[in-house]
Amino acid sequence: MKATDISSFATSQLSLLNNELQAELAETQLLTSTHAPTVLQRAGLALLNLSVSSQRTGLGGKTLLELGLDPAVGGDGELPEHGLRVGDICAVAEQPKGAERKKERESKEKQGAEGVLTRVQREAVTVALDKEEIDIPGGKLWLVKLANDVTYKRLNLTMTKLQKMQPSEHSLLTQVLFGQSSPTPMSEDDLKADLKWSDPSLNESQKDAIRFALASRDIALIHGPPGTGKTHTLIELILQLVSQGQRLLVCGPSNISVDNIVERLSSHKVPMVRLGHPARLLPGVLNHSLEVLTKTSEAAAIVSDIRSEMDAKQASIRKTRNGREKKGIYGEIKELRKEFRQREGRVVSELLRTSKVVLSTLHGAGSFHLKNEKFDAVIVDEASQALEAQCWIPIIMAGGVGKLVLAGDHLQLPPTIKSLNAKPAKPAQEPRTKKKEEKAKIGVLDMVDDAEKLSLGDKRQSRPSKNSKEDGTTLETTLFDRLLNLHGPAIKRMLTTQYRMHEKIMAFPSTALYEDKLIAAEAVKSRLLRDLPYEVTDTEDTREPVVFWDTQGGDFPEKTEDDTDSGAKGKSSLLAESKVNENEAAIVRMHVQSLVTAGVKAEDIAIVTPYNGQLALLSGTLKERFPGIELGSIDGFQGREKEAVIVSLVRSNPEHEVGFLAEKRRLNVAMTRPKRHLCVIGDSETVSRGSKFLKAWMGFLEEMADLRYPDLAQLQEQVIDEGSPPGKFVRCAPLQDAAVVKGRAGKNLDHANAG
Ligand SMILES: Nc1ncnc2c1ncn2[C@@H]1O[C@H](COP(=O)(O)OP(=O)(O)OP(=O)(O)O)[C@@H](O)[C@H]1O
């Protein structure tokens, strides 16, 4: 264990965070100044042809502008696909005309208004404007995303506090977190304690992890590989801690991670409150939100009295013509507002005081509401998805916490860091975790207040950069990782039974990453697509848990986006450098078609790929042909699962370059999403040269998967649409078995193709 100097750690974090902020500012500025609005819209960063559909006053007296497509534009009124999310900072301005020069456009932008997106629906977005009174121009408007420094400001504040702390102010927990003290040894009795479980179905590894976290005096890590019930375990841990009389602050990097816990806790009648803007919360958790409780709890009556008095005064103003009288009423309202705020403050404090569990995002834990609150323990879910500085917000801001429990999986992807890359890339699909579909359906998208905000598909590429300091500190090193390195595996417990994957799908990640410890739960270990609870025909695909289409041999070459005609026109650096593999895309379509023909529902199938270029290519035809199918970047699919997942690896080149595939945590995410069927499409010759891990994976697939070699000639014959550009497959037709050459041994494709 090597102790770290706390102040210098904070100093280097501050400098890394500043690089990150500069990268964000530079990127947004570069994007908005060098690209036409139409290009920005295509990249998901702007919306054009809008007009105001309603305007009202919202929380804190802010003007809420609801913007929808201008009726003159026609169409079904649905906004085009975009990557704008609640919490984004945006500008609303008069839309520049096509031929308008940059200067004129900039002057219009200056006259526009800035605000925060508070609601995102299919047909409209709502912006809370920063200024109370603004003049919205009458013509068509556009909305463009601006750089957001709110997150950085809070991270900065937190690290500055840590930096300035005197050694005497460091709590025991802080000392342990920096290796200046060892974790307090746990009592054997505690580790074996016979507890009364509220959920009797917990498995042994889950119970063990809970006992361990309860016995810990300072830190405990719960390592939850994919599908092992990490959140499930945390719920029981929270209930146990509460029953011991402890008060908890429970956080996650995203709103969805927090809502997930609130929902599961709500049936247990624990006094709890969820901090955060109601627009960002799932409807099911609203009843626990501070905002709603302040209006509905018993104590809230004293606030509502005064609110109605204020409303009455407001109404009387409108009836009064006399200026002096008006002024008098304004004065009274001002007094009432003061009183209102004080009473509201008291209600909030009372609600917080009586809550045994307070839940918020890591960012939200910096809220002024928690300034004087004390907690016995902080629990962080999805901790390996959070920047270390984010984890310090609840630790520092929420008073001298005794114990910290982190749950996560450091073998899946860490948060994305922008300063790793100089060049901008197209935003990935909306990263959706578990409940995100639900939010999307109801139009409430997740807030972008923290790690998620940094998540931009292709960006996560490992390049040497400003992102690391000489002392080895990087932003990408999560607290979870750092603590494991600092104190070793004795501070963690791993959950080992997984409830997602067929055992054959689980086999490789278990061996290669999880010390062979994963066990597939009885209910899932042999589930196949043909056993789905609806009619699915037994075919060579629906009875196979793992299929590998090996494209080796050079007939399935990758291309850089720049070389393709798909993105050439109007294409900007937004998609540049991304890779596509058109022939591989044809196999994807063929495989989807054969699953669907067998009866598998499109909504039970997902396609993931590390490259946005490939994603764009695939989305074009598949979404239309198979409504309900999901396509996403691997990074965006973390936390999700599907019955069938097709992974398009894209890379195939004589140089054996593997780019993003070199990151084994990314591959781990990709291969652990499916429940019943994993189909990998890739060039084993290129991929296996990328790393030891990739070599082992290709070896495993060749040995254990249902190995298939695609027959290019036949594939083209079947899927090329007449008149479409050569090399582009736009129509998807089912391939007959003859086109599929199956084999296990042969590396010789000529031989295989001859079949
Ligand atoms: N002891 C258990 N018995 C039966 N099912 C369980 C058990 N623990 C977890 N599960 C189930 O496993 C699934 C995954 O659980 P949960 O969502 O808590 O996992 P997670 O580890 O947080 O997920 P992720 O892999 O996405 O991080 C859920 O459907 C849950 O009901």
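Order of listing sets the numbers, starting from 1, for every ligand and every atom in it. Everything numeric here is computed off the predicted structure, so don't read it as measured data.
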Per atom 31 (O) of ligand 1, closest listed option by heavy atom (Gln206, His232, Arg640, Glu382): His232
Can you confirm whether the side chains of [X] and [Y] place a donor and an acceptor under 3.5 Å from each other?
{"X": "Asp189", "Y": "Ser187", "value": "no"}
{"X": "Ser648", "Y": "Gln614", "value": "yes"}
{"X": "Gln412", "Y": "Ser384", "value": "no"}
{"X": "Asp409", "Y": "His223", "value": "yes"}
{"X": "Asp381", "Y": "Thr231", "value": "yes"}
{"X": "Arg274", "Y": "Asn255", "value": "yes"}

For [X], the ligand 1 atoms whose distance to one of its heavy atoms is below 4.0 Å:
{"X": "Arg500", "answer": "24 (P), 25 (O), 26 (O)"}
{"X": "Tyr499", "answer": "1 (N), 2 (C), 3 (N), 4 (C), 5 (N), 6 (C), 7 (C), 8 (N), 9 (C), 10 (N), 11 (C), 12 (O)"}
{"X": "Asn203", "answer": "1 (N)"}
{"X": "Pro226", "answer": "25 (O)"}
{"X": "Ser201", "answer": "1 (N), 2 (C), 3 (N)"}

Indicate, as side chain, backbone, both or neither, the part of [X] found under 4.0 angstrom from ligand 1 when only non-hydrogen atoms are considered.
{"X": "Arg264", "answer": "side chain"}
{"X": "Glu641", "answer": "neither"}
{"X": "Leu202", "answer": "backbone"}

Got a salt bridge between Asp376 and Arg247, using NZ or NE/NH1/NH2 to carboxylate O under 4.0 Å? no
Looking only at heavy atoms of Gly224, does any of them come nearer than 4.0 Å to an atom of ligand 1? no
If you measure every N/O of Pro225 against every N/O of ligand 1, is any gap under 3.5 Å? no
Steps toward side chain to side chain contact (heavy atoms under 4.5 Å, CB included) verdict (Val273, His288): CA-CA 5 Å; Val273 63; His288 299 286; over 6 Å; no
